[in-house]
Every structure is written in C-alpha cells, then in structure tokens.
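Side chains are part of it too, since the values below use all heavy atoms of this structure and drop only hydrogens, waters and symmetry mates. When a ligand or atom number is given, it counts from 1 through the structure's own listing order.
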Amino acid sequence: MDFSTKACDWNKAADSALLNAKSDCIVVGVFDAQTLSGAAQKLDAATKGLVSRLVKSGDLGGKAGSTLMLREVAGIGASRVLLVGLGKQDALGSKTFTDAARAAWRAVLATRAANVTWALAQVAVNDRDASWSARMSALTLRELTYQYTQTKSKPAADAANGGAVKKVIVVVDPAHEKAVRVALKEGVAIANGMDLTRELGNLPGNICTPTYLAGVAKQLAKDWKLKVEVLGQKRIEALKMGSFLSVAKGSAQPPQFIVLQYQGAGAKQAPVVLVGKGITFDSGGISIKPGEGMDEMKYDMCGAGSVLGTFRAIAEMGLKLNVVGLIPTCENMPSGNANKPGDIVTSLSGQTIEILNTDAEGRLVLCDALTYAERFKPAAVIDIATLTGACVIALGHHNSGLFSKDDALADALLAAGRHASDPAWRLPLDDEYQEQLKSNFADMANIGGRPAGSVTAACFLARFAQAYPWAHLDIAGTAWKSGSAKGATGRPVPLLTQFLIDRAK
Ligand code: BES
Ligand code: MN
Ligand code: ZN
C-alpha cells in the first residue's frame with residue numbers, strides 16, 4: 001500500500017487534482033446541515049449540483065460516520081465518489097474524524113477499489129493539524145487491512161477485502177503538502193511497527209516462545225542495521241538475575257534476555273531505554289489462574305512486542321536519537337521446578353523479594369531488567385507491561401496506566417499519547433503505598449494486596465528504577481481486545497513512537 005500526496009488549490013474553481021483524477025474512488029467529506037467540505041463543493045460544481053442534491057434528498061444525512069457510494073458520476077475522472085458524513089463542522093473532533101475515516105475505508109474496501117483519491121484529510125479538525133489528519137487516515141486504513149493468517153490453513157472469508165487498495169493519493173492544501181508527506185511516512189512506519197506488535201501478540205504461546213522472540217529481534221536487527229545481543233540461561237545466571245530466573249524455572253522453555261540498540265545519534269548521546277515485559281505465556285505458575293480466558297495470557301508479551309514494533313517504526317523513520325530495548329522473556333508455568341509462594345529470591349540489584357504470589361511475575365522479570373538498564377546511563381527509562389488486572393478495572397480499555405515520579409517525563413508521554421490517539425492516564429505513585437509491600441522475611445514482598453493493585457505493582461518497580469528518570473506503562477487493558485474481535489491492538493506503539501519523534505526534534 002502506497003501513500004502519496006497531491007496538492008489541490010481549494011481557491012481555484014476547477015482543480016485537476018480532484019476532478020480529473022483517474023482513481024477508482026474519490027473520498028470527500030460532507031457536514032451536517034448540508035454543508036459541503038471544500039472538496040465536496042468542487043465535485044458538486046463539476047457534477048452540476050449532484051452532490052448537493054443528494055445531500056438535500058437526505059440520502060446522506062451528514063451524520064458522522066455515514067457514507068454514500070456513488071458510481072458512474074458524469075463530469076469527473078474517478079469511477080466512484082464516496083461521500084462521508086462528518087457531523088457538525090465547528091465541532092469536528094479527533095474521535096469523530098477517526099470514526100468517519102474508518103467508516104470511509106470500510107466502504108472503500110468493500111468495493112475492491114485499488115487507486116483511491118482521499119480528500120477527507122483536507123477538513124479542519126479541532127486542535128489538530130493537516131499532518132495529524134493525514135497520518136490518522138493512513139493508520140485507520142492499515143488498522144482495517146491487517147489480517148492474522150499465520151496459523152490458519154486458508155485465509156478467512158473477509159480476508160479478500162484486505163489487499164485491494166494499492167495506491168492512495170492524499171489531496172492536500174499546497175501549504176501543507178511537505179508536512180503531510182512526512183506525516184504519511186510516519187504513519188506507514190508506525191503501521192508497520194503496529195503490525196509486527198499485533199502479529200507477535202496474536203501468535204500462540206507454543207509458537208511465540210522466548211526463543212522465537214529472540215529470533216524476531218535478531219531478524220529485525222539484520223533488516224534495519226541494529227545492534228542485538230541475546231543472553232541465554234547461562235549468561236542470565238552469570239549476571240545473577242535471580243528474580244527473573246525464578247519466574248523462568250517452571251518452564252521447559254529457556255529464558256532469553258534481549259538487548260537491542262538503535263543508534264540514530266552520536267555515541268555520546270544518552271539513550272532512551274524501553275523495557276518490555278515478555279511473558280510468552282502466563283499461567284500464573286503455582287498460584288495458577290482460573291481456566292476461563294487463560295488463553296489470553298499468550299498476550300502477556302505485548303510489552304515486549306511493542307518494544308520490537310517501536311524499533312521497527314523508528315528505524316524505518318531514521319529518527320535521530322539513541323534507543324535501547326531490553327526484553328526479559330520467559331514463560332510462567334507451574335511445575336516441580338517452579339518457584340512457589342514463600343520463596344525468597346535475590347534480584348540483580350541485591351534486594352531480596354519474598355514471592356507471595358507466583359502470578360505477580362511481571363514485576364519479577366522487569367525489576368532485573370530495570371537494574372540492567374543502569375549500565376546504559378540512560379536519559380530516561382520507560383517500561384511497558386501487561387502488568388495488572390487491576391489496571392483494567394481502573395481504566396478499562398481506552399487509557400494505558402502511566403506511573404512516574406518525573407513530571408516532565410510523564411507530561412511528555414501523556415502528550416505523545418494524546419497526539420497519537422493512543423492515550424494514557426496518569427495514576428499515583430506516592431511512597432505511602434510502599435508500605436503495602438512490606439515483608440517479614442525479605443526486603444519486600446512481590447504483592448501489595450487488593451487495594452490499588454496497579455499502584456503497588458508500580459511501587460515495586462520504582463524500587464529498582466532509582467538511578468534515572470523512569471516511567472511505567474501498564475498496558476493490560478489496551479494491548480489487546482477480548483470477545484468476538486479478540487486480537488492484539490498494536491498499542492502503545494503509536495504513543496512510544498510519538499514520544500521518540502518528539503524527543504528527536
Ligand atoms: N499478566 C497478568 C496481568 C493481567 C491480568 C493482564 C489480566 C491482563 C489481564 C499479571 O502477571 C498478573 O497475573 N497479575 C496479577 C497480580 C496479582 C497476583 C497481584 C493480577 O493482576 O491479578
Ligand atoms: Mn501473572
Ligand atoms: Zn503476567
């Protein structure tokens with residue numbers, strides 16, 4: 001799928017970019033109260049008022065997200081015109097625009113159109129610029145055309161819709177063309193990263209093992225000239241990552257510690273370190289989970305997946321900054337060798353941990369990675385983890401949970417999430433909550449009881465992240481969808497990538 005731009009001077013009466021375009025479908029917006037967008041007005045003039053007659057007739061109410069496909073329209077080059085309702089003109093917000101774009105792409109995909117002229121991104125969206133609208137347009141199309149096929153013997157019936165669109169020409173104001181071209185490149189890179197993250201999340205635990213993830217990291221490094229190092233069981237033991245190793249003990253799959261390095265700036269620049277939780281299956285271990293829905297714990301490596309996806313995106317964009325990715329990855333399984341409640345382990349930091357619940361394993365693998373991060377003298381460290389069910393209860397599926405003591409870092413991540421429509425919500429990290437982690441037998445317990453479960457999980461991690469500015473993203477509610485649309489979302493690749501784009505400026 002290829003995205004390019006075409007400038008259209010909206011002030012000129014007739015514009016060839018729009019009217020002579022030999023595309024299979026041209027997509028334009030219509031507001032309610034029968035107001036046509038600039039592009040729709042041009043089509044209206046060229047078609048002797050057809051568009052306004054149709055809108056007046058009520059065939060397209062202009063309600064946000066409604067669509068009307070017209071065929072064989074006389075007077076223009078395109079073989080189809082898709083009218084898309086955008087609701088009230090002065091209240092066109094980012095959500096309405098995104099929903100309308102999604103509806104529009106659905107209608108386009110149903111026609112099997114290959115060449116699309118997209119004039120929808122021309123409308124003004126509250127608090128957003130033309131670059132945002134163009135990037136979001138590309139991302140919504142890619143979101144809809146992603147298909148999981150790897151473990152199906154034949155493609156799903158609706159897979160036929162996925163591949164039809166080959167070329168998209170985004171029609172823009174000449175003043176915005178340069179910026180929009182950059183935005184489309186970003187959009188494609190982010191979509192490629194999200195596709196990788198989604199695919200890894202969707203793969204089952206018997207295929208996407210720690211060793212498999214390490215293989216993906218090595219391939220990524222090869223394709224994009226990154227530095228990669230994978231530490232196996234022996235080297236993890238030699239390092240004394242006792243906490244991480246205790247989680248891996250119950251599994252027949254060996255743990256892996258993946259170190260990825262992207263160097264887009266001078267060697268002296270302190271890197272941003274991304275740490276991703278890579279539990280390729282979380283059975284809960286001896287504190288085993290109930291059977292219902294346990295299959296979804298294959299997604300417990302989505303933090304790791306989002307780190308790999310973000311590396312894919314920033315490498316394609318060639319961002320000018322240094323980024324390190326750390327992925328502690330293993331399975332959490334019950335067995336005669338597994339860790340068990342009451343066990344005390346010594347982390348890489350030297351701090352001891354009483355494991356009161358083997359299902360609170362994410363923090364046990366992350367804490368050693370956070371200590372390992374110190375050696376990179378990082379400018380900032382962000383860990384990304386499907387860490388707590390409590391975060392799903394607190395925030396549902398729209399916002400990721402954000403925890404940080406560093407206001408500037410937190411604000412930058414929140415702003416990036418907002419801009420990328422991949423939002424996070426900040427939750428507290430006050431020291432008062434640390435008391436819940438008290439242990440009679442070790443420096444700390446690995447659980448803090450039911451109250452504020454996401455906060456105490458973050459507080460646990462905070463004890464290992466004292467040496468640098470640090471933030472924690474709990475993506476338990478945002479990394480995948482349950483129910484009939486079950487599948488990985490690719491979040492928070494947009495947030496992380498935007499954060500890095502902003503930092504590279
Ligand atoms: N991977 C889970 C968190 C999770 C649960 C993510 C449900 C998405 C949906 C994590 O390892 C876990 O099991 N956490 C426990 C912690 C508890 C034992 C303190 C939880 O949330 O129940
Ligand atoms: Mn668990
Ligand atoms: Zn887990």
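Within 4.0 Å of atom 1 (N) of ligand 1, at least one protein heavy atom is present.
For atom 4 (C) of ligand 1, the closest heavy atom belonging to the protein is Gly389 N, 3.8 Å. Protein heavy atom at the shortest distance from atom 8 (C) of ligand 1 is Trp480 CH2, 3.3 Å. Counting protein heavy atoms only, atom 19 (C) of ligand 1 is closest to Ile447 CG2, 3.5 Å. Of the protein's non-hydrogen atoms, the one nearest atom 18 (C) of ligand 1 is Asn357 ND2, 3.5 Å. When only non-hydrogen protein atoms are considered, atom 15 (C) of ligand 1 lies nearest to Asp359 O, 4.0 Å. Closest to atom 14 (N) of ligand 1, if we only count protein heavy atoms, is Leu387 O, 3.5 Å.
Environment of NZ in Lys185: sparse, with no more than 12 heavy atoms of neighbouring residues, nucleotides or ligands closer than 6.0 Å.
With respect to the salt-bridge test (charged N to carboxylate O, under 4.0 angstrom), the residues Lys277 and Asp383 do not qualify.
Checked by atom type, the side-chain pair Glu296/Ser482 shows a donor-acceptor distance below 3.5 Å. In the model, Thr358 has no side-chain atom that pairs as donor or acceptor with a side-chain atom of Asn339 under 3.5 Å. Side-chain polar atoms of Ser347 and Ser243 form no donor-acceptor pair below 3.5 angstrom.
Below the 2.8 Å limit, the Mn ion (ligand 2) has as protein N, O or S neighbours Asp282 OD2, Asp359 O, Asp359 OD1, Glu361 OE1.
Residues meeting the salt bridge (charged side-chain N to carboxylate O under 4.0 Å, His left out) test with Glu229, sequence neighbours left out: Arg235.
Of all protein atoms, those that are N, O or S and lie under 2.8 Å from the Zn ion (ligand 3) total 4.
Cation-pi geometry between Arg142 and Tyr146 is not satisfied (NZ or CZ under 6.0 Å from the ring centre, within 45° of the ring normal).
When each of Leu321, Ile382, Leu495 is paired with Leu500, the side chain to side chain contact (heavy atoms under 4.5 Å, CB included) condition holds for Leu321 and for no other.
With a 4.0 Å heavy-atom cut-off, ligand 1 is reached by the side chain of Met297 but not by its N, CA, C or O. At a heavy-atom distance under 4.0 Å, no atom of Phe460 approaches ligand 1.
For atom 16 (C) of ligand 1, the nearest non-hydrogen atom from the set Lys289, Arg363, Glu361, Glu296 comes from Arg363.
The atoms of ligand 1 that sit less than 4.0 Å from any heavy atom of Lys277 are 1 (N), 10 (C), 11 (O).
A ring pair (Phe, Tyr, Trp, His ring centres under 6.0 Å) check over residues 385-406, counting only residues at least two apart or in different chains, returns the pairs Phe403-His472.
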